[in-house]
Protein chains: 2
Amino acid sequence: MAYAEQYIDKLRKSGLRPTKQRIKICEVLFDAEKTFHFTIKELVKIIENQANIKVSLATVYNTVHAFIKKGYLKEIPLNASQSYYDTNVTHHHHFFDEEENKLIDIHQDDVDEVNIKRTIPGKKIRSVEVIAKIVSDNQSQK
Amino acid sequence: MAYAEQYIDKLRKSGLRPTKQRIKICEVLFDAEKTFHFTIKELVKIIENQANIKVSLATVYNTVHAFIKKGYLKEIPLNASQSYYDTNVTHHHHFFDEEENKLIDIHQDDVDEVNIKRTIPGKKIRSVEVIAKIVSDNQSQK
DNA sequence: TCAACAGTTTAGAATAAATATAATCTATTA
DNA sequence: TAATAGATTATATTTATTCTAAACTGTTGA
């Protein structure tokens with residue numbers, strides 16, 4: 001299968017052996033119609049629902065973190081009680097609805113390019129994330 | 001004392017009674033020469049070092065969160081194991097050095113205004129934060 | 001001023017996310 | 001296919017944060 005080979009490739013490039021569990025994780029993450037946001041626990045549930053394979057939390061944590069290191073997944077910077085991850089690794093940003101604890105993508109086209117003029121000696125910028133927190137607008141709309 | 005009155009005012013506006021512990025927290029947070037970043041544990045230590053007053057974690061958590069709600073402090077969106085807070089509530093952004101786990105301010109002037117063209121019906125933007133993750137630049141500089 | 005009470009503080013318990021452990025299992029390779 | 005390096009898992013551990021309940025304190029009104 002072409003898919004499986006892609007996944008095996010992604011896994012090997014991340015320094016991981018292709019195992020049943022990891023290929024299943026890849027299928028869920030990279031075979032979806034749309035990109036999506038998830039927490040580790042949600043991912044475990046999705047896998048359990050889509051297949052008969054049981055995957056432990058530890059395996060999912062390890063695999064997700066290896067993919068992040070490699071750039072196949074992104075971690076969304078948020079002060080939520082759990083970490084949120086994103087299968088959309090293209091340049092884009094997020095609304096975070098604090099009342100509903102929900103993330104909403106903001107496409108790159110909807111935000112002017114963030115241009116940081118300051119540099120830190122010996123360091124380079126690895127990623128730039130914009131988080132816009134939103135709340136109900138009761139003042140003007142009610 | 002003028003300071004104490006300021007603090008009492010801040011506390012009352014946050015819906016909190018001015019107590020010995022809370023006024024001490026205010027002194028450390030708002031009487032500093034420069035604004036600074038901190039975690040709850042760090043704040044507890046600073047208070048213990050600066051005064052003979054012992055303040056419990058719970059009290060610091062409650063007070064810090066009340067101040068954030070009121071806008072006297074800011075929480076910095078980061079996926080660190082602990083939450084980071086900022087006494088600088090003016091509009092500015094952050095570098096986060098993942099290798100050294102260190103936050104560095106980016107002044108507003110060093111970032112072009114982030115203009116989000118998209119809106120969500122019934123919601124308004126409460127805050128916009130830019131997090132630029134930085135890593136060692138070994139490729140070009142070594 | 002002071003009693004009553006609503007709100008506060010605190011130590012310690014509870015919760016829950018994330019990580020570590022170690023025994024068992026599996027992919028790789030020679 | 002046997003040896004082994006690496007993977008998986010259930011479980012234990014760690015640690016930030018929140019909760020709890022008993023003791024304490026600021027506030028209010030008489």
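These numbers were taken from a predicted model, which means no experiment stands behind them. Below, chain A is the first sequence line, B the second, and so on; all start at residue 1.
- The shortest heavy-atom contact between Asp97(B) and Ile134(B) is CA-CG1, 3.7 Å.
- Atom CD1 in Ile23(B) sits about 13 Å away from atom C1' in dT8(C), given to the nearest Å.
- End-to-end axis angle for the helix from dT1(C)-dA30(D) to dA30(C)-dT1(D), using five pairs per end and rounding to 10°, comes out at 30°.
- Distances shorter than 4.0 Å separate some side-chain N or O of Gln21(B) from OP1 or OP2 on dT10(C).
- One atom, NZ of Lys54(B), and another, P of dG12(C), lie 12 Å apart when rounded to the nearest Å.
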Are His93(A) and Asp110(A) close enough, and set up right, to give a side-chain hydrogen bond (donor to acceptor under 3.5 Å, both in side chains), and what steps lead you there? CA-CA 9 Å; His93(A) 304 295; Asp110(A) 288 333; over 6 Å; no
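- In this entry the distance linking CD1 of Ile53(B) with C1' of dT9(C) reads 13 Å, nearest Å.
- A cation-pi arrangement, defined by a distance under 6.0 Å to the six-membered ring centre and an angle within 45 degrees of its axis, is present between Lys10(B) and Phe30(B).
- Taking atom CG of residue Leu78(B) and atom C1' of nucleotide dA18(C), one finds them 17 Å apart after rounding to whole Å.
- If you chain together hydrophobic residues whose side chains sit under 4.5 Å apart, Leu16(A) and Val89(A) never meet in one group.
- The CG atom of Leu11(B) sits 14 Å away from the C1' atom of dT9(C) (whole-angstrom rounding).
- Note on Lys117(B) versus Asp112(A): salt bridge recorded, some NZ/NE/NH1/NH2 to OD/OE distance being below 4.0 Å.
- Side-chain atoms of Asp9(B) do not come within 3.5 Å of backbone N or O of Glu5(B) as any donor-acceptor pair.
- By the rule that hydrophobic residues join a cluster once side-chain heavy atoms approach within less than 4.5 Å of another member, Ile76(A) and Tyr85(A) end up as members of separate clusters.
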Counting primed atoms plus P, OP1 and OP2 as sugar-phosphate and everything else as base, spell out the protein contacts along nucleotides 11-30 of chain D at 4.0 Å heavy-atom distance: B, S or - for each nucleotide, 5' to 3'. -----SBBB------BS---
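- The nearest whole Å value for the distance from the CG atom in Leu43(A) to the C1' atom in dA17(C) is 15 Å.
- Taking only side-chain nitrogens and oxygens, Ser56(B) never comes nearer than 4.0 Å to OP1 or OP2 of dA11(C).
- To the nearest angstrom, P of dT10(C) lies 10 Å from CD of Glu48(B).
- Between His94(A) and His92(A), the two ring planes are perpendicular [angle over 60°; tilted spans 30° to 60°].
- In this entry the distance linking CG of Leu16(B) with P of dG7(C) reads 12 Å, nearest Å.
- Between the side chain of Ser14(A) and the backbone N or O of Phe67(A) there is no donor-acceptor pair closer than 3.5 Å.
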